[in-house]
Amino acid sequence: MNMKTNRQEGFSLIELLIVVAIIGIIAAIAIPNLLASRRAANEGSAIASIRTITSAEATYQATTGAGAYGSLAALNGAGLVDSTLSNSSATSPKSGYIFAAAPAANPNSDYLTTAAVVKFSGATATGTRNFASDAAGVVYWAAATADATPMGSATGTPIGN
């Protein structure tokens, strides 16, 4: 007599459901942390870009500008900032931010550089703070209150320079 045992191998439905539940729990914990890390990286990039523009403005004023500060286009034309930074817009932001730099009414005295977050709330937020700087060289931040709205002046909370 030939007796064979029909043994099925594999995972049961309960085991598979437990694994799926564990993966879901891990994802629920990890995804918000990953999004927060991306926002923090975008903000760090924006601060570095504001510092780059501040240095470029000082160089431009001392050399090409003949005592006057310049716009981002002028800084790009002088080779002081790259085109990604000078051409940032809502349709092509740099690291989730739109950058602008403009000389004051008296271009020999001051300028304002801003970094406005493209999207400030929700799961797709690119940052939560806007940044600004002027001829003093201090970078300030303020909480973003609307999408793509820059700070009106270099006032707010100074970051650790």
Side-chain angles (χ1 to χ4, degrees), residues 1-59 71-73 75-102 111-134 136-161:
M1 193 179 237
N2 193 1
M3 296 191 86
K4 289 186 177 179
T5 308
N6 287 338
R7 184 171 179 198
Q8 295 181 353
E9 294 186 21
F11 297 106
S12 70
L13 182 60
I14 297 297
E15 291 170 330
L16 290 175
L17 288 175
I18 290 171
V19 169
V20 169
I22 290 171
I23 291 172
I25 291 169
I26 292 171
I29 294 169
I31 290 173
N33 291 336
L34 291 173
L35 293 174
S37 296
R38 184 185 69 175
R39 284 190 303 272
N42 286 345
E43 289 182 358
S45 174
I47 292 167
S49 295
I50 287 285
R51 287 186 173 142
T52 297
I53 295 170
T54 299
S55 296
E57 287 284 8
T59 302
S71 64
L72 275 179
L75 297 176
N76 184 28
L80 298 172
V81 296
D82 66 359
S83 60
T84 304
L85 187 56
S86 66
N87 295 327
S88 67
S89 65
T91 56
S92 63
K94 180 183 183 298
S95 299
Y97 278 83
I98 301 167
F99 294 89
Y111 67 91
L112 178 64
T113 298
T114 60
V117 67
V118 173
K119 180 125 176 75
F120 82 101
S121 65
T124 59
T126 57
T128 57
R129 301 184 297 170
N130 288 333
F131 302 96
S133 181
D134 59 12
V138 178
V139 179
Y140 294 92
W141 70 271
T145 57
D147 292 346
T149 303
M151 293 172 64
S153 63
T155 57
T157 305
I159 62 169
N161 286 316

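Atom set for the values below is all heavy atoms of this structure, side chains included, hydrogens, waters and symmetry mates excluded. We number each residue from 1, following the sequence as shown.
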How long is the gap from CD1 on Ile47 to OG on Ser95, to the nearest 0.5 Å?
12.0 Å
Phe99 and Ser49, any side-chain heavy atoms less than 4.5 Å apart:
yes
Are the side chain of Asn130 and the backbone of Thr149 linked by a donor-acceptor contact shorter than 3.5 Å?
yes
Derivation and outcome, side-chain contact (heavy atoms from CB on, under 4.5 Å), residues Tyr97 and Asn42
CA-CA 8 Å; Tyr97 278 83; Asn42 286 345; 4.2 Å; yes
Contacts satisfying salt bridge (charged side-chain N to carboxylate O under 4.0 Å, His left out) that involve residues 16-45 (not counting sequence neighbours) are Glu43-Arg129
Passing option when Thr113 is tested against Leu75, Ile50, Asp134, Thr52 for side chain to side chain contact (heavy atoms under 4.5 Å, CB included)
Ile50
Please find the pair of heavy atoms, one from Asn76 and one from Ser83, that lie closest to each other, and give the distance.
OD1-N, 3.8 Å
Start with the C-alpha gap between Ile98 and Val118, add the side-chain angles, then the distance that decides, and say whether side-chain contact (heavy atoms from CB on, under 4.5 Å) holds.
CA-CA 7 Å; Ile98 301 167; Val118 173; 3.9 Å; yes
Test Ile31 against every option in Leu35, Ile29, Asn33 by the side chain to side chain contact (heavy atoms under 4.5 Å, CB included) rule and name the one that passes.
Leu35
Walk me through it: do Leu16 and Val20 pass the test side-chain contact (heavy atoms from CB on, under 4.5 Å)?
CA-CA 6 Å; Leu16 290 175; Val20 169; 5.5 Å; no
Under the criterion side-chain contact (heavy atoms from CB on, under 4.5 Å), I'd like the reasoning laid out for Phe11 against Leu17: C-alpha separation, chi angles, the key distance, then a yes or no.
CA-CA 10 Å; Phe11 297 106; Leu17 288 175; over 6 Å; no
Nearest heavy atoms of Ala154 and Ser133, plus distance in Å:
CB-C, 3.9 Å
For Phe120, ring pair (Phe, Tyr, Trp, His ring centres under 6.0 Å) partners two or more places apart
none
Closest non-hydrogen contact found for Phe131 with Ile159 is CE2-CG2, 4.5 Å
Ser45 and Lys94: which non-hydrogen atoms are nearest, and at how many Å?
OG-NZ, 3.5 Å
Distance (rounded to the nearest 0.5 Å) between Ser71 OG and Ile53 CD1:
11.0 Å
Heavy-atom closest contact (Pro32 atom, Ala27 atom, distance):
CD-O, 4.1 Å
Rounded to the nearest 0.5 Å, the NZ atom of Lys119 sits from the CG atom of Asp147 at a distance of 5.0 Å
Heavy-atom check, side chain of Ile25 versus side chain of Ile22, under 4.5 Å:
no
At their closest point, which heavy atom of Ala101 faces which heavy atom of Glu57, and how far apart are they?
CB-OE2, 3.8 Å
